[in-house]
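Here's the structure, in C-alpha cells; my notes come after.
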Amino acid sequence: MNEYRGFFNICRRSLQLENVLQTGQAFRWVLDSESGWYTNTLKLYPLTPEFQIIRLKQNDSKLEYHLESSIKLESREIHNWIKQYFRMEVDVEKLCEEQWLPNDSTFKGKNLRGVRVLQQEPWETLISFICSSNNNIPRISQMCQKLSSHYGNLLNKHEFSNYYSFPTSEELCDRASVESLRSLGFGYRARYIIETAKLLVQQKKIVGIINDTEYFQYISNLYKNDYLQIREHLMGYSGVGPKVADCVCLMGFHMDDIVPIDVHIGRVAKRDYKFVASKKELAILRDTYSTMKLTKKKINYELELIRLMFKELWGPYAGWAEGILFFREISTPTTLAPISKESKKKRLFADTLYDPKNALKEPNRRQNKYIKTEV
DNA sequence: ACTAGACCTGGCGTC
DNA sequence: CAAGCCAGGTCTAGG
C-alpha cells in the first residue's frame, strides 16, 4: 500500500464537506464522527482504472486528504485529481455575485453554504441515480454501499470495516441478478440495474471498449459533447428518464448548465418563479424533439420548459445554482448510509449547526407548501 | 400525445 | 397499534 497525504487551503464558505458529500450527489461517503474523516473508494481515472481508498477532513481553513493506493502515483497528480473532483476552479461566490444575483433576487444575501457540484464517474453516477427514483437519500446510500460490498472487489480490510470498489458493468452482470438484488432490498430497481449493466456490456463490446469510464468518454466525444444527443443516449438505459439522465449529464459529464428537474425544483419554479408553460413554447419544443425517439417518449414538456427557463435565467453554471436552491429547499437533516446511532446523532447536530432554520422548522411545512402551490 | 396508477422498501407522523 | 403517506422518478396501459 502506498500512502499519500496533502491539503488545500479552502474555507467553509467555498466548500462544506457535509453539504457536498451527504446531500444526494454522492452516496458512498461515510463519516466517522469520532475522527471527523469521511471515507470512500474512488476510481482516480485517468490516473488509474482501479479504485483507491480516499479520506477527507476539513477545518475552518483547510481540506486534508489521505489516499491509500494499491499502486504508485505522483503526489501532484493526486492533488490535481482531487481539485478536479471538487471543481475547485469554479468560484461559486463570484458566480453568485456576477451571474445569478443580477438576474435573480432570490440569491440576495444568500449563504451559499459551501455547496458545490462534484465531478463524478459516469457509470457509478448512472447506477446511483437509477437507485434514486422514488426513494430517499439514506436508502439510496445504503443501496450504493450494498452494490459495493456485495458485488465490488475487496480493496483493503481495516479494523472495523472493509473497503470495496464500486462494481463495473461486467462485475454486476457476472455476480448479480434481479433476484439477488431484490433480496438485498433494491425493489423494482433491481431489474433496471441488471438491464442497464447488460446493455452497457453489450454496447462496449460493439466498439471494443472494456472500461466503463472510457465508454462514456467515447460517447461524449462521439456526440461532440452535445447535450441533447447524450441525454437521448442515456435514456436508452432501463430506469433512466429525464431526471436521472440530467443528473448524469451534470455530475458525470460535468455539463454545468444542466438543471435536473425534480419535484422540489418543479415546485420552486411554480411557487417562487411563477412559471407557466405557454402553448407556443410547448409546440416549439415538440417540434424540436420530434426526431429524437426516446426524448420524445420520456420527456415531460412542461418540466423541460422549466429546465430551459432556469438555464436561461442562471446561465452556464445553472446546474450549480440549482444545487444551492435545492439544498435550501429540502434542507432537512440528512443521513448517510449505515453507521451507529451515536454517529447519527452527531451528524444531525452538525447539520443543524450550519443552518439554524432547521431547528425552527415546523413538521408539516412540506404539506403546507403543496397547498400554497395550488392557490 | 397525454395522464393516471403501479411500483419495492423503510421510516415516520397520525389516527 | 396499524394502515397510510412519503421519499431528488420511471414505466405502462388505456382513453
Side-chain angles (χ1 to χ4, degrees), chain A residues 19-20 22-27 115 117-118 125-144 146 178-196 231 234-251 258-269 277 279 282-283 285-287 289-290 292-307 310 319 322-338 341 344 348 361-371:
Chain A
N19 295 347
V20 175
Q22 300 188 38
T23 50
Q25 284 192 59
F27 298 95
V115 175
V117 174
L118 295 171
T125 307
L126 178 64
I127 295 298
S128 301
F129 281 94
I130 286 176
C131 293
S132 78
S133 81
N134 203 18
N135 207 347
N136 52 63
I137 293 176
R139 185 152 83 111
I140 302 166
S141 304
Q142 198 179 60
M143 287 160 83
C144 293
K146 280 182 178 174
V178 175
E179 298 73 46
S180 67
L181 284 172
R182 272 195 175 260
S183 70
L184 287 176
F186 282 74
Y188 63 84
R189 302 164 197 84
R191 186 168 59 83
Y192 299 159
I193 292 169
I194 296 297
E195 285 178 358
T196 295
R231 183 175 62 170
L234 289 171
M235 289 198 292
Y237 300 105
S238 179
V240 179
K243 162 66 173 49
V244 171
D246 281 348
C247 284
V248 177
C249 284
L250 174 62
M251 293 164 235
I258 299 308
V259 182
I261 305 298
D262 55 59
V263 288
H264 298 296
I265 202 74
R267 178 175 56 245
V268 169
K279 291 252 193 288
L282 285 168
L285 215 49
R286 275 197 203 96
D287 189 51
Y289 296 157
S290 62
M292 308 186 80
K293 204 175 150 195
L294 294 171
T295 304
K296 205 167 59 172
K297 181 175 156 193
K298 295 191 176 186
I299 212 83
N300 173 317
Y301 287 94
E302 190 193 26
L303 295 183
E304 181 72 354
L305 279 179
I306 292 177
R307 185 183 74 73
F310 282 128
E322 185 267 356
I324 288 155
L325 279 201
F326 176 77
F327 176 78
R328 182 209 200 189
E329 181 70 11
I330 60 165
S331 72
T332 73
T334 53
T335 40
L336 265 192
K341 281 178 205 162
K344 193 169 171 182
L348 290 174
K361 210 171 48 162
E362 68 279 13
N364 273 335
R365 188 162 149 250
R366 187 173 300 290
Q367 285 222 333
N368 291 339
K369 274 181 194 166
Y370 274 115
I371 293 163

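Below, read A as the first sequence line, B as the second, and so on, with proteins coming before strands; counting in each chain starts at 1. Reckoned from all heavy atoms, side chains included, excluding hydrogens, waters and symmetry mates.
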d([atom1], [X]; [atom2], [N]) in whole Å:
X	N	atom1	atom2	result
A:Asn135	B:dA6	CG	P	19 Å
A:Ile137	C:dC6	CD1	C1'	14 Å
A:Arg307	C:dG8	CZ	P	22 Å
A:Met143	B:dG11	CE	P	14 Å
A:His264	C:dC6	NE2	C1'	10 Å
A:Glu195	C:dT12	CD	P	9 Å
A:Leu303	C:dG9	CG	P	11 Å
A:Gln142	B:dT9	CD	P	12 Å

Just name whichever nucleotide pairs with [N], Watson-Crick or G-U, keeping both distances under 3.5 Å, else none.
N	result
C:dA13	B:dT3
C:dG8	none
B:dT14	C:dA2

Please measure how far the [atom1] atom in [N] lies from the corresponding atom in [M], and state the result in whole Å.
N	M	atom1	result
C:dG4	B:dA6	P	13 Å
C:dG8	B:dG5	P	23 Å
C:dT10	B:dG10	P	22 Å

Exercise. For DNA chain C, whose closest nucleotide is more 5', that of A:Ser238 or that of A:Ile261?
Worked result: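 Mapping each residue to its closest nucleotide by heavy atoms, the 5'-most match is A:Ile261.
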Exercise. With nearest nucleotides of DNA chain C determined for A:Arg191 and A:Glu322 from heavy-atom distances, which residue corresponds to the more 5′ nucleotide?
Worked result: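 With A:Arg191 and A:Glu322 compared, the 5'-side residue is A:Glu322.
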Problem set entry | Any A:Arg189 side-chain N or O less than 4.0 Å from OP1/OP2 of B:dC7 |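 False: A:Arg189 side-chain N/O out of range (4.0 Å or more) of B:dC7 OP1/OP2.
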Problem set entry | Phosphate OP1/OP2 of C:dC11 contacted by A:Lys298 side-chain N/O (<4.0 Å) |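 Yes, because at least one side-chain N or O of A:Lys298 sits under 4.0 Å from OP1 or OP2 of C:dC11.
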[options]: which one has an atom nearest the side-chain heavy atoms of [X]?
X	options	answer
A:Tyr301	C:dG9, B:dG10, B:dC2	B:dC2
A:Phe326	C:dA7, C:dC11, C:dG8	C:dG8
A:Val244	C:dG9, C:dG8, B:dC2	C:dG9

Which heavy-atom pair separates [X] from [Y] by the least distance, and what is that distance?
X	Y	answer
A:Gly241	A:Met235	C-SD, 3.6 Å
A:Ala269	A:Ile306	CB-CG2, 3.5 Å
A:Leu303	A:Ile261	O-CG1, 3.7 Å

For this session: Please answer whether the main-chain N or O of A:Thr196 pairs with a side-chain N or O of A:Ser238 as donor and acceptor at a distance below 3.5 Å.
Result: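 No; judged by distance alone, with no hydrogens or angles, the pair does not exist.
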For this session: Step by step, work out the salt bridge (Lys or Arg N to Asp or Glu O under 4.0 Å) result for A:Arg182 and A:Glu179.
Result: CA-CA 5 Å; A:Arg182 272 195 175 260; A:Glu179 298 73 46; over 6 Å; no
Side chain of [X], base of [N]: donor and acceptor closer than 3.5 Å?
X	N	answer
A:Tyr188	C:dG9	yes
A:Arg139	B:dC8	yes
A:Gln25	C:dG8	no

For this session: Select base, sugar-phosphate, or nothing to describe what A:Gly185 touches, counting heavy atoms under 4.0 Å on all strands.
Result: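 Answer is sugar-phosphate: A:Gly185 comes under 4.0 Å of backbone atoms only.
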Problem set entry | Candidates A:Cys144, A:Pro138, A:Cys131 - the one meeting side chain to side chain contact (heavy atoms under 4.5 Å, CB included) with A:Phe27 |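 Testing A:Phe27 for a side chain to side chain contact (heavy atoms under 4.5 Å, CB included) against A:Cys144, A:Pro138, A:Cys131 leaves exactly one candidate, A:Cys144.
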